[in-house]
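Take a look at the structure set out below.
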Amino acid sequence: MEKLIITVAICGAEARKLDNPALPVTPEEIAQEAYKSYLAGASVVHLHVRDQQGNPSQDVGIFRYAMESIRQKCDMIIQISTGGAIGASPEERVAPLELMPEMASLTCGTVNFGEGVFWNPPNLVAHFARRMKELGVRPEIEVFEAGMIQNALNLVKKGLLDSPLHFDFVMGVPGGITGYLRDLIYLSETVPPGSTWTVAGIGRFELPLAVTAIILGGHVRVGFEDNIYYSKDVLAESNAQLVERVQRIALELGREIATPAEARRILRISRA
Ligand code: KMH
Ligand code: ZN
């Protein structure tokens, strides 16, 4: 089994400081939290940013500053979000790719998202994939529903994505696939052999899915984007606390933790 890649999803677009006062929202707070998570074992940071009011933003300048601030502290792989927040325009969502991060998220289909709709029609996904290819950005295929795997494979056939793909199973979003273990088994057995995958369990699904992924040979994403709690009714103190728990469990189970350099090799990222 490869070493375990832990991704930290620091703030996302939906969580609010009202929900967990420890939520990092400024670029400085995000960079500091990324660094603490790196020290706790994370090798990838899934990056969203917020504006001065703490609202989700796809502003290129804020992304640039956050990326520079993280790079000054450590060599984590930076994966920017092209999902943004529900309602963000396609132009806003694709804009930060011009910063040429090593990775970016690419959701391969439309899904209900709570009371909203996360809008990803085929032409939009193809446009984002083409842009990533032009800029040499490694996509992480975000899978909120099983059909999104097939959508990604269709983009491989069209030459817009390169095999082997790297997937992120986002499980437990209201409107998407559930976070039950049988669904993780199903998704992990549906991706083509040779693919890599990670799992992001939402809310209470985060920990059981993380443990299952460690055992199955997948990788793990944790963080306030997906879950603001440490345990039932107990708020997490930091993203790093959630990362540290995954590292601890993985080591107990005999799975070593990947450094950023090792994660680059596993994820086939050649550009430093
Ligand atoms: N905020 C969600 C609507 C991504 O980062 O690519 C979408 C999301 C996925 O967070
Ligand atoms: Zn995200």
Side-chain angles (χ1 to χ4, degrees), residues 6-16 19 23-25 30 33-34 37 42 44-51 54-59 62-63 66-67 70 76-97 99 101-121 124-129 131-132 137-145 148-149 151-152 155 161 165-177 197-203 205-206 219-228 239 242:
I6 305 176
T7 297
V8 61
I10 287 180
C11 63
E14 288 78 29
R16 301 168 307 169
D19 306 318
L23 181 80
V25 289
I30 289 169
E33 191 83 343
S37 301
V44 180
V45 51
H46 172 76
L47 188 63
H48 288 250
V49 295
R50 305 289 179 102
D51 65 16
N55 295 318
S57 171
Q58 291 293 108
D59 183 274
I62 303 175
F63 266 105
M67 288 171 70
I70 294 168
M76 293 176 92
I77 298 167
I78 298 177
Q79 176 195 98
I80 65 143
S81 168
T82 65
I86 296 293
S89 71
E91 294 75 23
E92 287 172 311
R93 287 171 55 186
V94 81
L97 286 181
L99 299 170
E102 287 184 272
M103 290 188 90
S105 58
L106 179 67
T107 299
C108 283
T110 297
V111 63
N112 286 354
F113 194 97
E115 297 303 310
V117 178
F118 185 25
W119 184 245
N120 297 289
L124 184 78
V125 181
H127 170 54
F128 284 14
R131 195 77 189 116
M132 289 185 203
V137 177
R138 176 83 163 129
E140 177 177 88
I141 310 300
E142 309 291 320
V143 171
F144 290 71
E145 272 295 354
M148 294 188 193
I149 295 175
N151 293 344
L155 291 173
L161 292 176
L165 294 173
H166 173 64
F167 295 91
D168 175 28
F169 306 138
V170 185
M171 302 182 64
V173 169
I177 197 163
W197 59 268
T198 190
V199 67
I202 303 302
F205 294 117
E206 184 172 83
H219 303 279
V220 171
R221 177 174 116 173
V222 290
F224 286 176
E225 173 164 348
D226 305 328
N227 170 40
I228 57 171
N239 283 272
L242 297 169

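Counting convention: from 1, in listed order, for ligands and their atoms alike.
Of the protein's non-hydrogen atoms, Ser81 OG, 2.7 Å is the one closest to atom 5 (O) of ligand 1.
Counting atoms of ligand 1 from 1 in the listed order, those under 4.0 Å from a heavy atom of His48 are 5 (O), 10 (O). Counting the atoms of ligand 1 from 1 in the order shown, those under 4.0 Å from a heavy atom of Phe113 are 2 (C), 3 (C).
Not one N or O on the side chain of Asp226 forms a donor-acceptor pair closer than 3.5 Å with the backbone of Gly223. Remark: side-chain polar atoms of Thr82 are not paired, donor with acceptor, to backbone N or O of Arg93 under 3.5 angstrom. The backbone N or O of Phe224 sits less than 3.5 Å from a side-chain atom of Asn239, completing a donor-acceptor pair. Judged by distance alone, the side chain of Thr198 and the main-chain N or O of His219 form a donor-acceptor pair under 3.5 Å. For Arg50 (side chain) and Gly12 (main-chain N/O), a donor-acceptor pair under 3.5 Å exists by modelled atom type.
Here the N, O or S atom of His46 that is nearest to the Zn ion (ligand 2) is NE2. Closest approach between the Zn ion (ligand 2) and any N/O/S atom of Glu225 involves OE2. Among heteroatoms of the N, O or S kind in His48, NE2 lies nearest the Zn ion (ligand 2).
Atom NE2 of His46 is separated from atom CD of Gln79 by 6.0 Å, given to the nearest 0.5 angstrom.
Selection from Gln79, His46, Glu225, Glu14 by nearest heavy atom to atom 10 (O) of ligand 1 gives Glu225. Of the options Ala85, Ser105, Gly84, the smallest heavy-atom separation from atom 1 (N) of ligand 1 is shown by Gly84.
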*Could you check Ser37 against Val45 for side-chain contact (heavy atoms from CB on, under 4.5 Å), going step by step and ending with a plain yes or no?*
CA-CA 9 Å; Ser37 301; Val45 51; over 6 Å; no

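Glu142 lies apart from the Zn ion (ligand 2) in this respect, since none of its N, O or S atoms is found at a distance under 2.8 Å.
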